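To keep things clear, I will list the structure first and then write my remarks on it.
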Amino acid sequence: MAHTRPDTMRRALRREVAGTIGLLADEEDFAAMRRYRTFTFDDHQSYLKQVEGLLRTLAAQGGHTTVALFDPEEYAEYCAATGLEPDAPGSRTRFTAELASEGPTLPYEGQPLTDLVPDLVDEAVRQATWEYATVVLARAGTCATCGEDIGRAAFVRASELIARALASSGPGTRHLVCSVPTDTETLLAALHVDGDSDGETHLDETEALEFTTVLAVGIATRRPAGMVLRTIAEGTRDRVHGWRMSGGRLHPLTAAEVFDAYCTDAVSGELVSPESGVDYCAAPDLEDDEPGGGHTH
């Protein structure tokens, strides 16, 4: 019986080990880590090149590596909470392991860091948005009149409104965007829905959960939120519909209001040219007027 050499076995085992790299994606975070003596890098661009080279090497060896954003402030808080010495590579490794299990990560699949980093930042923003929205719904309490859980009712209501919006749009690819202002920032969520020739819809369940949660925050908090739906179908012009939220209810925008919203720069307020091949349409009314239907708190 043939025996496998120990070094060959170790190489084989190494290919079975998944790893995570905590990435300092921007100059400010990199500069914050330079206060630690054991952090030996002194140039951010060189650091990024070394990280990319390591990722390529690990991939060439058959390894699976994910990348997480390394936040120096969170790291310092982690060390203070756990009693770890922050100026130690072992502490950074343990923190990165925590990121792998709890924080947003993306797999390295050979893409350059210039492509991976923006996707990783977007993923981090998505997770932070969903976590914040979830907390808001959990703390919404119960209705003083009927005793209903406000957060749960808002989530159910948001699900109904999304389903009605999709049903009203007809066949094609649908892209929904929702924005809800809060005291500190504006929550944003997007939902991409594909439709096939049989009328079946296909979407990412996690994305749908996040979108529904953000819309539910607007319903539960009665903030002036908004939702936009763009429908793309082969052989036809794109169609754009919009709704504004007031008092926890979605109100349809007219074609002129949708046009104004799309053709006004959000920062400067200046008019911008409308897109070619796009129709700005009056939105259907998604709310029902049945007794108890669309009950908000």
Side-chain angles (χ1 to χ4, degrees), residues 101-104 122-170 173-195 199-231 240-253 258 261 283-297:
S101 63
E102 299 178 2
D122 287 345
E123 186 65 24
V125 171
R126 279 182 56 187
Q127 180 168 318
T129 297
W130 179 75
E131 289 176 350
Y132 178 86
T134 301
V135 170
V136 171
L137 292 183
R139 294 177 176 175
T142 57
C143 176
T145 303
C146 66
E148 188 175 26
D149 185 296
I150 295 174
R152 185 178 295 111
F155 187 90
V156 171
R157 187 63 183 158
S159 300
E160 294 172 349
L161 292 171
I162 294 167
R164 291 177 185 177
L166 294 175
S168 71
S169 62
T173 297
R174 280 70 58 84
H175 191 72
L176 281 159
V177 177
C178 175
S179 61
V180 180
T182 69
D183 294 334
T184 57
E185 59 185 328
T186 297
L187 302 181
L188 292 172
L191 176 61
H192 184 84
V193 182
D194 290 317
E200 296 291 328
T201 58
H202 306 275
L203 49 78
D204 182 279
E205 292 185 1
T206 299
E207 194 175 79
L209 174 63
E210 293 167 350
F211 188 91
T212 307
T213 304
V214 170
L215 181 59
V217 168
I219 296 173
T221 61
R222 306 169 73 88
R223 290 181 179 273
M227 186 173 77
V228 173
L229 168 64
R230 184 170 187 146
T231 304
V240 178
H241 301 85
W243 297 263
R244 61 178 176 81
M245 184 167 288
S246 176
R249 294 174 65 88
L250 280 179
H251 300 273
L253 297 180
V258 176
D285 190 352
L286 304 179
E287 299 283 358
D288 59 51
D289 295 320
E290 298 175 10
H295 174 63
T296 54
H297 302 264

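Numbering starts at 1 and runs along the sequence shown. Worth saying up front: this structure is predicted, and the values here are computed from it rather than measured.
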Q. What are the two closest non-hydrogen atoms of Ala133 and Leu187, and how far apart are they?
A. CB-CD1, 4.3 Å
Q. Can you check whether Val228 reaches Val240 side chain to side chain, under 4.5 Å on heavy atoms?
A. yes
Q. With respect to Ile162, which candidate in Val193, Leu191, Leu286 satisfies the side-chain contact (heavy atoms from CB on, under 4.5 Å) definition?
A. Leu191
Q | Min side-chain heavy-atom separation Leu176-Leu166 under 4.5 Å | A | yes
Q: Only pairs at least two apart or in different chains count here, so list each side-chain hydrogen bond (donor to acceptor under 3.5 Å, both in side chains) that has a residue in residues 175-187.
A: Asp183-Arg223
Q.
Let's go through Arg157 and Glu287 carefully: what are the C-alpha distance in whole Å and the side-chain angles of both, what is the deciding distance for side-chain contact (heavy atoms from CB on, under 4.5 Å) to 0.1 Å, and is it a yes or a no?
A. CA-CA 10 Å; Arg157 187 63 183 158; Glu287 299 283 358; 2.3 Å; yes
Q: Taking salt bridge (charged side-chain N to carboxylate O under 4.0 Å, His left out) as the test, write out the residues that go with Glu123, two or more places apart.
A: Arg126
**Q.** Over all atoms of both residues, closest heavy-atom pair of Ser169 and Leu229
**A.** CB-CD2, 3.6 Å
Q) Roughly how far apart are Arg139 CZ and Thr221 OG1, rounded to 0.5 Å? A) 14.5 Å
Q. So how far is it from Glu131 CD to Glu210 CD, rounded to the nearest 0.5 Å?
A. 10.0 Å
Q: Provide the closest heavy-atom pair for Thr212 versus Ser159 in the form atom of the first, atom of the second, distance.
A: CG2-OG, 3.3 Å
Q: Could you go through the side-chain contact (heavy atoms from CB on, under 4.5 Å) check for Met245 and Val180 one step at a time?
A: CA-CA 9 Å; Met245 184 167 288; Val180 180; over 6 Å; no
(Q) Among Asp204, Leu209, Leu203, exactly one meets side-chain contact (heavy atoms from CB on, under 4.5 Å) together with Glu207. Which residue is that? (A) Asp204
Q. When rounded to the nearest 0.5 angstrom, what distance separates CD in Glu160 from CG in Leu215?
A. 11.5 Å
Q: Mind listing the closest non-hydrogen atom pair of Pro284 and His241 along with its distance?
A: CD-CD2, 4.0 Å
**Q.** Closest heavy-atom pair and its distance - Ala283, Gly242
**A.** CB-O, 3.2 Å
Q. Excluding sequence neighbours, so at least two apart, what forms salt bridge (charged side-chain N to carboxylate O under 4.0 Å, His left out) with Arg244?
A. none
Q | Met227/Phe211 under side-chain contact (heavy atoms from CB on, under 4.5 Å): CA gap, chis, key distance, verdict | A | CA-CA 10 Å; Met227 186 173 77; Phe211 188 91; 4.0 Å; yes
**Q.** Atom of Trp243, atom of Pro252 and distance for their closest heavy-atom approach
**A.** CD1-CA, 3.5 Å
Q | side-chain contact (heavy atoms from CB on, under 4.5 Å) between Leu137 and Arg152, worked out | A | CA-CA 7 Å; Leu137 292 183; Arg152 185 178 295 111; over 6 Å; no
